[in-house]
Each structure stands twice: as C-alpha cells, then as structure tokens.
Novice: 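First, the structure itself, so that you have it in front of you.
Numbered from 1 within each chain, the chains take letters A, B, ... in sequence-line order. Being a predicted model, the structure only gives us computed values, none of them experimental.
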Amino acid sequence: MSPTTTHDGGPTSPLDSRLRDALRTETSGVDASATVWDAIRSAADTVVVPIDAGGRSNVSGTGPGRVGDRRRGQALLLAVAACVAVALIAVGIVVARRDDGRDVYVGPTTTAGTGTTVALDDPLRPTSDLGRALWATAGLRYALEREQLATVAARYDLDPGADQRLANARAATDAAAGEVTDQALPRLGDGETERNARQVLESRMRNLAVIRRAAGDPGSPDASAPNRVGGDTTTILGQYDLTVEAVAVVARIIAKQGGGAANGTQAQREAATRTIQAAQLTEVPGQQAQLFASASAHLAIPVAEDRVGPLDPDTERLLQARHDAASSPEARDGWPGVDPETRSDLAASVNDRTLQTETKIRRNIEGGEPAGGPSLANDLIEETTGRLAQIHRFERRLLSRL
Amino acid sequence: MGADDADEVLGRLFRDEYARLVGLARLLIDTRAEAEELVQEAFARAFAAWDRLDDPAAALPYLRTTVVNLARGGLRRRATARRTPLDPVPDEPGADRAVAATEAQREVLAAVRDLPERQREVVVLRYLLELSTAEAASTLGISEGSVKTHLHRALATLETTLEGAR
C-alpha cells in the first residue's frame, strides 16, 4: 500500500494521515550512531556454540548452522569463557559483605553452600560517595538477578544444591539491599522524582517478601519437584524484573546527581579506563557488570558536569519540560526525567534471556527430557553469552564517553 | 553470503532503517530504552543468522520479524507480572516524547497503544513502516486476510476512540 492510499486501496482518509503523523513521532531523536553500530558489531562477534547430544562443541565446518573458519578460534575461546561463566553461575555467584565491612565476591560455592572468598581490591572500588552509591545499586541489581535465576533452578530442581543456592542468593540480596539503604538512598534528594523513585524502590523491596512467598520455601520437607513452588513462574520472574528496574532507575537518578564533586576529571577518566580494562580480564558476567558500574561511577561526574554548563535553548526547553512533567500530578510514575541511554546502560536487561531459558527448561521437563542435559547446557550457554553481549554493548557505550 | 556482505547490507539497513525499527519497537513495548536495546539485539541476531539468509533482501524482513517477536516476549512477561496483586511499577514515556509530539498526536499514540496486540502490530507495520498487506502478513506469520481483518477492526476502534476524545 502506498502512503497515499488507505488499507482498502481508496484515497487517504483523515485518520490515515493522523496515524502516519503520530506514529512517525516515535522515530524522532533516534540516533543511528557509529557508536551504536560498533556495539552491535561487537556483540555480533559473540558466537553461541551449540553442544550436541554427546556434549561435543560443534565448532567445525562452514556450512549453514555451523561456525565459519574465520570465527572458529574466537568461537572456541568464547565457548570456554561461556562454560566458565556458566559453571560459576551454576554454583552460585553472590555478593556479600565481610566482617571488616569491605565488599567481596563469594564464589564459587559448593552444594553445601560454603564458598571461597575472592577479594576485589580497593584500587578498583569507587571511593567517592557517588561511586559507592552506584556500586551499591549495581550490587543489588545483580544480587536480584542471581536470586531470580536461583529461583528458576529451585523450582525445577535442576541440581541437588539448588535450594541451598536459593537461600544463599536471598541472603546476598538482603545484604545488598542493606548497602543500598546505607549508601544509595541517602543520596536521593527530596525532589518529586527522587521521592517517587525512593518510594517505588522501597515498595518493591517490601514486595520481595511477597515474591519469595510465591516462589516457595526452599528445602521445605513436603515439597516435591517440579511443582513444589507455588505461583506462576513467569509472574514471579516478572516481579523480579520490576524490582531490578526500580533499582536501575535509582542508580540512574543518583548518577545524574553526581555533578557536585567534580574534581580531577582526567584522573577519573583514567580510573574508568583501568576499571574497564580490569573488567575485560574477568569472565564472570556479574563481576564484569560490577566493574562497569564502577567505571560508570567514575564517568558520572564528567557526564553530569556537562549538564551544568550553558545549554542551548532547545535543551533548556527539554529539561524544563522534563522538570515540569516530573512535578505535575499527571506524572504517574515520577520518572520522566530518566534519560533513555543511561537508563538502558544501567538497566541492561536479561529479561528476555531469562524468560527464554525458563521456557526452554519448562519445555524440556514437560517433554520428558532430563533436566540438566545438553539442551539445558545450551540454554545456559546461550543465556550467558547473551549477558556477555549485553555487557559488551554497555562497555562500548561507556568507552564512547571517555 | 559472507561476513563482508553482512557488514555492508546490515550496515546500510542500520543507517536507513534503525530509526523506523526503533519506532516499531517503541509502539509495541513500554519504553524507548527497551526499544533501542531490542532493535540492537535484532541486528546482532541478524549477524548471527547471516549464513542462514538466502538473499540479502531477506535481511530487512528478518529484522522486522525479530523485532516483533522480541517485543511480544518482553510484553507478555511484563503484562503477566503486572496482573499480580503486587504494587505495580508504572513506566511512562519521558517528557522529551511529550515535547516532540503534539497533544493530538499523543491522543492517537495512546489510542494505538490501547489496541489489542495483533491489531497494534498491524497498524504500526502498515502506517509506520508502510508495508504492503503481503509484507505485513509475512512479518507477523499470518494470512493476508487476517491482516486485513485486524486492520479493519483496528481502524474502526481508532475512529470511535478518537472521535470520542474530541
């Protein structure tokens, strides 16, 4: 159909014109930038390597559905990296707080729930109030995502340690939530947007108890897999998503507020560069993301500084409109000032991946396939690879700000 | 088709179609940020699937279909989550969108977003991407007759809704 005819071939109606005009507004301001393209290309280089029924990686050959020669070495490396990451996820990566108050990563844990502590030393840890606040929100976000995945594992009884890992994950979330309360929430001001964000996050954290009750009590003696967990799994996972989203918005608002202590911009950029380089050396998605959050904390001040300088009239008008919208009674969510790019960075979601994995696991069980077989391994590798790809895109966006 | 072809074809599609694909996604899911992430994911998947595409001309339809399918998955997840008795976390477009669109355009956008999922998809494919009936049917994996039916119902609903808003 041409733009000048209606759906039945007749002349353009007033409604047709209104529809076209209105729908086109949704494409305004979209930037097909070189940075985004580079991020897509980089993500595309992350190859998913399927495992066949015998557990062998299918990385040879150049035919359809196989990995080509050009990417074979890369695919092998990524397969190893993905397997390491999956193994670490599978045994439980949690964020906890040591007795001396410094954050450590605890993992990998055994099925009995004990673990090896791996300290992440201070040179990479943010020392400013802003950095600690962003670090705390990033920690809570990933603790929630770990708990979300652990909930899936416990629901389908994927391995003997699933219940213990879920309990560990819940404890880690509680610890991370405490850090957000100590470090992040005090940085939120008393503005309308900040109040709303605080209320939404606090509400979501209160709801966490409801989510957990719906997901069931791991280790309950009267439970029987796979239906021992009450509630619809998709609903439960969706509730985790919404909580993660609330945390991301809080992080975004805090980052925007970070312009007050602008000193040593060059040093911050160098610190961000070092942090990103360190993140590139780790294979653990959660740890990478923590480091990238740290890098974003270093970068938040220069970014916020840009907001303080002279603004062109259009930008001024946009900011005023955002402020007005945030202050108006019609601002139902209180988040209209959230910048899409930064929000996307901080909230780089694994929602679809998690849902796909959960759906596949459910299909495997309903189809009579044993949980934990090659198909599950593929699912987990695919999910982990997807996480890495998203993190890689996040990294490219951060680098573009240096 | 080789990797160089993928760079060239998908690079051109990125320059020419990225904004419209984000517009498509934006009208199917909740937020602009998610829409951009979703379209970027679609391009990344197109690279991964390049060896399976028989013809460079198949790339754009592949991207459209991937965007629609990814949007459906995310939307269902959110819809299910929000039907629960827990406190909802609403998600509204940023005020920059409010600046860009007039009041009348916002009415139309709101009416489109209130349409049932399939009708909304058809309207966006026809009026934003300006696809033919056959192209829209192929993108959605339904018959041309179904596309016409959904579009007819959608336009009738929009007529009523927008007339009532005046």
Novice: Is it the side chain or the backbone of Val39(B) that comes within 4.5 Å of chain A heavy atoms, both, or neither?
Specialist: neither

Novice: Find out whether His152(B) and Thr149(B) are in side-chain contact, i.e. whether some heavy atom of one side chain is under 4.5 Å from a heavy atom of the other.
Specialist: no

Novice: Taking side chain as everything from C-beta outward and backbone as N, CA, C, O, which of these in Leu27(B) sits under 4.5 Å from a heavy atom of chain A? Side chain, backbone, both or neither.
Specialist: side chain

Novice: Kindly write out the residues that satisfy side chain to side chain donor-acceptor pair (under 3.5 Å) with Ser146(B), not counting sequence neighbours, or none if the list is empty.
Specialist: Ser143(B)

Novice: Please look at Leu15(A) and chain B and tell me whether the side chain, the backbone, both or neither of the residue comes under 4.5 angstrom of a heavy atom of that chain.
Specialist: side chain

Novice: In terms of ring plane angle, is the pair Phe43(B) and Phe14(B) parallel, tilted or perpendicular, where the classes change at 30° and 60°?
Specialist: perpendicular

Novice: What part of Leu21(B) is in contact with chain A, defined as an atom under 4.5 angstrom from a non-hydrogen atom: side chain, backbone, both or neither?
Specialist: neither

Novice: Under the rule for salt bridge (charged side-chain N to carboxylate O under 4.0 Å, His left out), what residues qualify as partners of Arg20(B), not counting sequence neighbours?
Specialist: Glu17(B)

